[in-house]
Amino acid sequence: MGIAYFEAERIFRLDTKNTSYVIGIVDKEGFVGHVYYGKRLKEADLSYLMRIAEGPRTPETNGRDRLSFYDTFPQEYPTHGIGDFRESAVRIEDANGHSAMKLTYAGHEIKKGKQPLAGLPATWGENSETLELTLKDEVLDIQVVLSYSIFEDVDAVIRSARIVNCSKETIYLTKAMSASFDMDNHDYDKIVLHGSWARERHIERTPVSYGLQGSRSLRGEGGHQEHAFTAVLEPAAGQNSGEVYGMDLVYSGNFRSLIERSQFDSLRVMTGIHPEDFRWELCPEAAFQTPEAVLVYSSEGLGGMSRCFHDLYRNHLIRGSYRDKKRPILINNWEATYFDFNTEKLLGIAREASKLGIEMLVMDDGWFGNRFDDNRALGDWEVNEEKLAGGLKYLVDEVNKLGMKFGIWFEPEMISPDSDLYRAHPDWALQIPGRTAGLARNQYVLDISREEVADYVFEKVAKVLRSANVEYVKWDMNRPLADVASAALPKERQGEIFHRYVLGVYRMQERLITEFPYLLLENCSGGGARFDAGMLYYSPQIWCSDDADAIERLTIQEGTALMYPLSTMGAHVSDCPNHTVGRVTPFETRGHVALAGTFGYELDVTKISEEERNQIPEQVAMYHKYNDLVRTGDYYRIASYRENHTHDCYMVVAKDKSEALVTFIQVARRANVHSRNIKLLGLAPEKTYRIEGEERTYLGSTLMNAGILVQEAWGDYKSRLYHVVEA
Ligand code: DGJ
């Protein structure tokens, strides 16, 4: 690993273990271009890749065609208004109302390590190096510092940009993307993740077409519908081979990730905060820091890319005591009781759950104010002692006496019109003066961009947490942002609210994990609308989806695991018929599917059948047996139900290749067929393995090249685990 500047060639080369990212400076004006990203290279003299010897060449040698140069040159951080008519990465409004910018090389520094970003989530870790490349607009006196970091142990490049106003005039930033790079198109495909509530992160793969395409959110969070992750890949690339470029954003608000295919068949790939609804005042000497973008190149297909994202997020993004720890098996009362619960009912669930080996009771929505349904009381974070007779401490102590931990639900960013908080502070809700703000789930969004509002709510939440031995928090958010205006900002700064809101959420969550470092924090947003890398900096796990049906989850979890580690995916065994789709699946299958995530229960354990209840101790034992492997191992996808409509199969292999767990789900039973041949992945070819429960042994190479035979089970929705252990 290392970052080098080759002065004679005017080339920067960032080498991770298997990849190189190359940037070049050309022309006497010092234009900074993207040269190469891909498999590791050894040469420095690569500037020919920027095609500066071909027409239109550079302004130095062909001043009459400057615009043609701008419109073809692979600018590393493209600007607006001077003749590059493709998508720009940065845009300003200067003191005269103009938006043109020209950035050229002004200097660079190569530093050991990686700096945190004030107020923003960021990857971290020793054994890293950072290139800070400073570009400048000479006319406006504005600097852009592009930051590139690499780590010794992962093939990722982490980028961000800092825009500094060195002039004496106030300017407005109207676009500040985190990363952009250009490359030649090779008939590439693209992958985006689309969805809806209860149907998050479904993979869609289509050819890259001309013009603009990609994904975006203007909801103030990532949302159920689209995701900032994008991949560009060779048409032949599959799970195990082929070139893939993956890009993700470490951010939890409005985003735009795009691919633009130009007239000359080059691609511009870009991600960052969505420029719509973004306008940031930059006074003289002020700076704006963008969130981080993560770039991953894999020559080992999508699987190689996923494993790289997983390692990066596990080792260099997630923090806190639970990062490397097995999480307690929880039982959440949401689908068990909805709002209809009291102390006795919860204790009844806890008593039964504790006998079965479940380790934590999570009390979901409905414990505060007069919240007997979802129409009221958000903001009134006082325990409702009519419901919780004896108070919170009594309940928690009783749960603790059973040997279980206790967790609680909050939705700190929201306010119900029917709440004491709204009656006292109606101006704390996001709303545009003179316009009636729209409700969603009968609630408004609090103006978390205001420090006094965020501080008030934080104190209310903290007071509850200080009052009893609460060891887990589920932080929910059940509607997007609309009618966005803040009573605390002048009119020329209203365009800052969306980003300031996200910064406010980050500040609150940072305070939470600082004051309560032992807490297990699980983020959530109406299911998985805020499952993003930004949130992982604060919480090691995120609720994946409100749809806990084992079959629907196959597609949701496949899309989520494309870049997020299994250790982060909130997954529970829930009741049947499933509350979202009405499907009935075997209890065993529900357990196997939830095992690929954090694992827990979301049902009334006192009401399910004896037969199902009797399976829980076995499932608990299964979780304890496999969770270390699932949490820390390498993930390989073998088959996708989304593609084949009959079965799903994936495996996790220990880093030292000593064991693996294969999960096979037969979604639809076929008639009159032979057993299915499944080729395993990621094992050591020369090691000898045994499949638990079988006598014989196999070489790893046999299991991977010849495969195992999976007999068709009787009926649909059946699943099977194969534990492969070194013999
Ligand atoms: C949405 C979450 O995803 C659910 O699990 C539950 O906590 C509800 N909100 C409660 O209102």
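Side chains included, hydrogens not; waters and symmetry mates left out as well; all remaining heavy atoms used. All ligand and atom numbering here is 1-based and tracks the order in the structure.
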**Q** Could you tell me which atoms of ligand 1, counted from 1 in the order shown, lie closer than 4.0 angstrom to a heavy atom of Gly526?
**A**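 Going through ligand 1 atom by atom, the ones under 4.0 Å from Gly526 are 1 (C), 3 (O).
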**Q** Decide salt bridge (charged side-chain N to carboxylate O under 4.0 Å, His left out) for Lys474 and Asp364; before the verdict, give the C-alpha distance in whole Å, the side-chain angles of both, and the deciding distance to 0.1 Å.
**A** CA-CA 8 Å; Lys474 177 175 173 187; Asp364 211 279; 2.7 Å; yes
**Q** Validate the cation-pi geometry between Lys325 and Tyr322: distance from NZ or CZ to the six-membered ring centre under 6.0 Å, angle to the ring axis within 45°.
**A** yes
**Q** I'd like to know whether Gln431 forms a side-chain hydrogen bond (donor to acceptor under 3.5 Å, both in side chains) with Tyr444, so could you lay out the CA-CA distance, the side-chain angles of the two residues, the decisive distance to 0.1 Å, and finally the verdict.
**A** CA-CA 9 Å; Gln431 55 198 315; Tyr444 293 129; 6.0 Å; no
**Q** Any nitrogen or oxygen of Arg441, main chain or side chain, under 3.5 Å from a nitrogen or oxygen of ligand 1?
**A** yes
**Q** Using a strict 4.0 Å cut-off to heavy atoms of Cys524, name the atoms of ligand 1 that fall inside it.
**A**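 In order of number, 2 (C), 3 (O).
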**Q** Tell me which part of Lys474 gets within contact of ligand 1: side chain, backbone, both or neither, using heavy atoms under 4.0 Å.
**A** side chain
**Q** What is the nearest protein non-hydrogen atom to atom 11 (O) of ligand 1, stated with its residue, atom name and distance?
**A** Asp365 OD2, 2.7 Å
**Q** Which is closest to atom 7 (O) of ligand 1 in terms of heavy atoms, Asp546, Asn332, Asp364, Asp547?
**A** Asp364
**Q** Indicate yes or no for a side-chain donor-acceptor contact from Arg590 to the backbone of Thr585 under 3.5 Å, with no hydrogens or angles considered.
**A** yes
**Q** Do the two ring centres, one from Trp381 and one from Tyr456, sit under 6.0 Å apart?
**A**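 So the answer is no for these two rings.
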**Q** Does the N or O separation between Ser525 and ligand 1 drop below 3.5 Å for any pair?
**A** no
**Q** Looking at Trp367 versus Phe339, is the centre-to-centre ring distance below 6.0 Å?
**A** no
**Q** Below the 3.5 angstrom mark, is there an N/O of Gly527, backbone or side chain, next to an N/O of ligand 1?
**A** yes
**Q** Any chance you could lay out the side-chain hydrogen bond (donor to acceptor under 3.5 Å, both in side chains) test for Glu411 and Asn478, step after step, and finish with the verdict?
**A** CA-CA 8 Å; Glu411 194 176 357; Asn478 282 302; 3.2 Å; yes
**Q** Select the closest option to atom 2 (C) of ligand 1 among Val362, Asp374, Asp476, Leu378, judged by heavy-atom distance.
**A** Asp476
